[in-house]
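Read the structure below first, then the notes.
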Protein chains: 4
Amino acid sequence: MKLREYLHHQITIGSWPDGKLTGMNVLLIWVILAAVVVGVISTEPEILDRYRQEILWAEIAFGVFFLAEYLARIYAAPEMPGEGSDWVKRWRFIRSPIGLVDLAVVIVSLAPFFIANAAALRLLRLLRVFALAKLGHFSAAMREILGALRERSYDLLVCAALAFSLLLVGASGLYWLEGHLQPDNFGSIPRALWWAVITLTTVGYGDAYPITTAGKLIGSLVAVGGVLLVALPTGIFAAAFSDAMQRRREAVAKALAEIEEIG
Amino acid sequence: MKLREYLHHQITIGSWPDGKLTGMNVLLIWVILAAVVVGVISTEPEILDRYRQEILWAEIAFGVFFLAEYLARIYAAPEMPGEGSDWVKRWRFIRSPIGLVDLAVVIVSLAPFFIANAAALRLLRLLRVFALAKLGHFSAAMREILGALRERSYDLLVCAALAFSLLLVGASGLYWLEGHLQPDNFGSIPRALWWAVITLTTVGYGDAYPITTAGKLIGSLVAVGGVLLVALPTGIFAAAFSDAMQRRREAVAKALAEIEEIG
Amino acid sequence: MKLREYLHHQITIGSWPDGKLTGMNVLLIWVILAAVVVGVISTEPEILDRYRQEILWAEIAFGVFFLAEYLARIYAAPEMPGEGSDWVKRWRFIRSPIGLVDLAVVIVSLAPFFIANAAALRLLRLLRVFALAKLGHFSAAMREILGALRERSYDLLVCAALAFSLLLVGASGLYWLEGHLQPDNFGSIPRALWWAVITLTTVGYGDAYPITTAGKLIGSLVAVGGVLLVALPTGIFAAAFSDAMQRRREAVAKALAEIEEIG
Amino acid sequence: MKLREYLHHQITIGSWPDGKLTGMNVLLIWVILAAVVVGVISTEPEILDRYRQEILWAEIAFGVFFLAEYLARIYAAPEMPGEGSDWVKRWRFIRSPIGLVDLAVVIVSLAPFFIANAAALRLLRLLRVFALAKLGHFSAAMREILGALRERSYDLLVCAALAFSLLLVGASGLYWLEGHLQPDNFGSIPRALWWAVITLTTVGYGDAYPITTAGKLIGSLVAVGGVLLVALPTGIFAAAFSDAMQRRREAVAKALAEIEEIG
């Protein structure tokens, strides 16, 4: 097998018949997770002060690794199925969404070594957390789920409309009833909407809550409505999810059956 | 096609064979949403002070638009299916629930320009948010859902009875145990009910909570009961919702099959 | 029809072939709900002070009504199906659970007019709220649901064991980690259990929460475990509930079919 | 029946044809629960001070009981199915996970009577709560559930990835927007993650919440995302749980049928 073909098989998921993760895939996933974890903990001042040197070396290592991976993907792109010359296929990969994500991660990972501006550095460090988006290379399952949800988008829209109406009724009611009593929390409908969202989702921080009897009645309505409204997407999601997984299993079973027939 | 027929087709959803939203429908939905958003943010004093003139112009524009739409609906009402002369059908639309909503939105949208009383103005501004109710013109799906829920109203009633009993037991218990310790929160059963609702729905603001061991035991009971009780409507809603959507899809499929047969 | 037979038909649900609520049933339900509402609001000192006389008259009326209903039930008990002489059947009703509830409600409703002790009065007033238990006369559906849940009691026991283990692990962990930092909240496992229950049920009052990094990790574990554990009874309840309702519908359909055959 | 065989039947669940709990099993479950409860309440200083002597005696009794049970299990181990001499089977039990748990419980229960170091004692007392792990002897059902969940591990992994991404986006957003306003809560991404977990699971303690408009928008996104994400594992768990229970029932029915055929 040629190097290019080997690289393609190693880097791309599902290019082997069985669709299993290759050794390179597993390595890539661990490096992405490590880069995200280092990105996350490097925002903690105490840790940054203590391990500044180690974090810097890790960042250089991750940046070089992602650059090498990006170049390997461009080099191996002609192995992807489809029409077109080598360079047409490479350009197709570069301008694809996941190709742009890969490029962005390389830039964000290596830029800090060429830039001195403090604010820009802080933003770059934050953006490094989004190396997580590189996991999109393994997103076949997520695409299936999103596809299943899209089929139910009409149902989810009705849920969203009901939730939005309840939010608006609750927020308007508390604005009217307690706007003059608690101006910070309910002094306008946009302010009251924060309370309504936090109540409808049953989070309930307790930074804002009604204090009058009428306000508490509306608050109870929103809280009970929240419990009932949670039930709607639960039903839709559960069915859509179960559908998507069923289809995936059938597709895998069919593919395995075909391989057995051939092999 | 005559103007009246054209207007009817443009304004009413589902009058074209495929039941798709017409261009006018889409425009109407966006205007309604814009009117609601302007209504919501115009209650925020800071925004109102800064953009008073722009908000005023937007309100006039929305009022005139809704007036024109209302008149067009009255004019085109004779195109609706059913028996009766043109004016009988018009009157039927005017006194229908959605016709009254349309009229109310027109009045609420335009009244501020003829009224000077501040308190009345504030109420009118608040009511403008309920232009959202005009979305009822597109409520076919919601009617199906409500119909499906009505079929299960007996089950939901049992849930409500269980929830109400648990609320009452919890509130009575804490009134008895901590009414003298925290009179503001548990000094009477109605006061303790606010705590019970906020706990049973798992919102948990933290403005009221038991402080004695016995009270915490009852609080745990209500919290655990809340989790279990949430499961009941979830099951009912999920099934009812899935039923309604199934029926809608079958009806659409049947209608499409009939169209194909004819066309 | 004899008076006794008429009374029996009026008072007992389901004695008419169709099992519909009779006029007397509907009246009884409304009186029970009214008695509970009066019982609840009469615990509010402000309302009690203002409407003391009206509440007193309402309590007398409810007491007399429940006494009359109790006597009518005893009088009509011989009409109930089963073997035995009139007085055997009456005694069977009196010592049945719902008969004892009826008696208790009568005693609790009328006792305040014969007792002067303040503490005893307060307790009696509180107990009056439990007139709600009289709704047990209409509990056929609830019995079906409880029966369905009992069939799944093994599954629910496993859930309870999982939940209890997670509670204990979380509470022990925070007792170990933060017992010396927040002795009031985590100074012993029983104290930490209150926090664990309120977190696992996702209520989250905010009266107790971890403040150290290790404690927050355990808190996150309990919170995520709570979300996952909520899913288990939801699935069990939803299935059990749907089963019970299915059976009820089939039983009603079968009964109707038999009536049609006969009639 | 020999003593060893009798002991094996009494101690091991499911060794009788019907798999019912034996008298010894029921006793063991109650002793385990009692030991856990004593372990839990003995961490409460007030109770420990008052009942120090009683708790000490109870601890000795539990320790001796668990020691006797452990020795009986070793003695009866040769009765377990499988190849090997008596001592091979005994060693197999001793080094099995549940055998090590049994040994650990015996050591933790009896060690306090041989150790005087205060810190070690406190840890031993805490560990005694984990006698609960001995319930693993009765974990057939839990093994089935875990097996069913393992089959869906791919689906749960996708959920976890979605939840983790949302956590990271929310925490990064608030770190960027409010890190300088509330350094204690959002001064680094790890700190902001605590807020994100408590919001996504809809616990909402209220110890940390956004205060700017942009921060509240991101907070609303995380709260709504939490509600939607809760729906995914609910669907998966419900289906997996229902599968596991279905299989268990079928296995029990099949076993009963076989017994009937034989007997």
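In the text below, chain A, chain B and the rest are named by the order of the sequence lines, each starting its count at 1. Every value quoted in this text rests on a predicted model; they were computed, and no experiment measured them.
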message: Counting only heavy atoms from other residues, nucleotides and ligands, does the tally under 6.0 Å from CZ of A:Phe130 exceed 12?
response: yes
message: Below 4.5 Å, heavy-atom pairs only: which of A:Gly226, A:Pro210, A:Gly179 has the largest tally toward chain B?
response: A:Pro210
field: Straight-line distance of A:Ser188 OG to B:Leu48 CG, nearest 0.5 Å
entry: 10.5 Å
field: Minimal non-hydrogen separation, A:Pro190 against B:Ile41, with atom names
entry: CG-CA, 4.0 Å
query: What option among A:Tyr205, A:Trp176, A:Phe164 has the most heavy-atom pairs under 4.5 Å with chain B?
result: A:Trp176
- request: Could you tell me the separation between the CG atom of A:Asp207 and the CG atom of B:Asp207, rounded to the nearest 0.5 Å?
  value: 11.5 Å
- prompt: Between atom CG of A:Leu167 and atom CG of B:Leu132, what is the distance when rounded to the nearest 0.5 Å?
  reply: 10.5 Å
- line: Looking only at heavy atoms, the pair that brings A:Gly187 and B:Pro45 closest together is O-CD, 4.2 Å
More than 12 heavy atoms of other groups within 6.0 Å of A:Phe93 CZ: yes
message: Heavy-atom cut-off 4.5 Å, strictly under: side chain, backbone, both or neither for A:Val203 against chain B?
response: backbone
task: Using a cut-off of under 4.5 Å on heavy-atom pairs, state which of A:Leu193, A:Ile189, A:Thr201, A:Leu168 scores highest against chain B.
output: A:Ile189
field: A:Ala171, part contacting chain B, at a heavy-atom distance under 4.5 Å
entry: neither
message: Atom CD of residue position B:Glu54 - does it have more than 12 heavy atoms of other residues, nucleotides or ligands inside 6.0 Å?
response: yes
message: Does any backbone or side-chain atom of B:Val197 lie under 4.5 Å from a heavy atom of chain A? Answer side chain, backbone, both or neither.
response: side chain
statement: Looking only at heavy atoms, the pair that brings A:Ser172 and B:Val129 closest together is OG-CG1, 3.9 Å
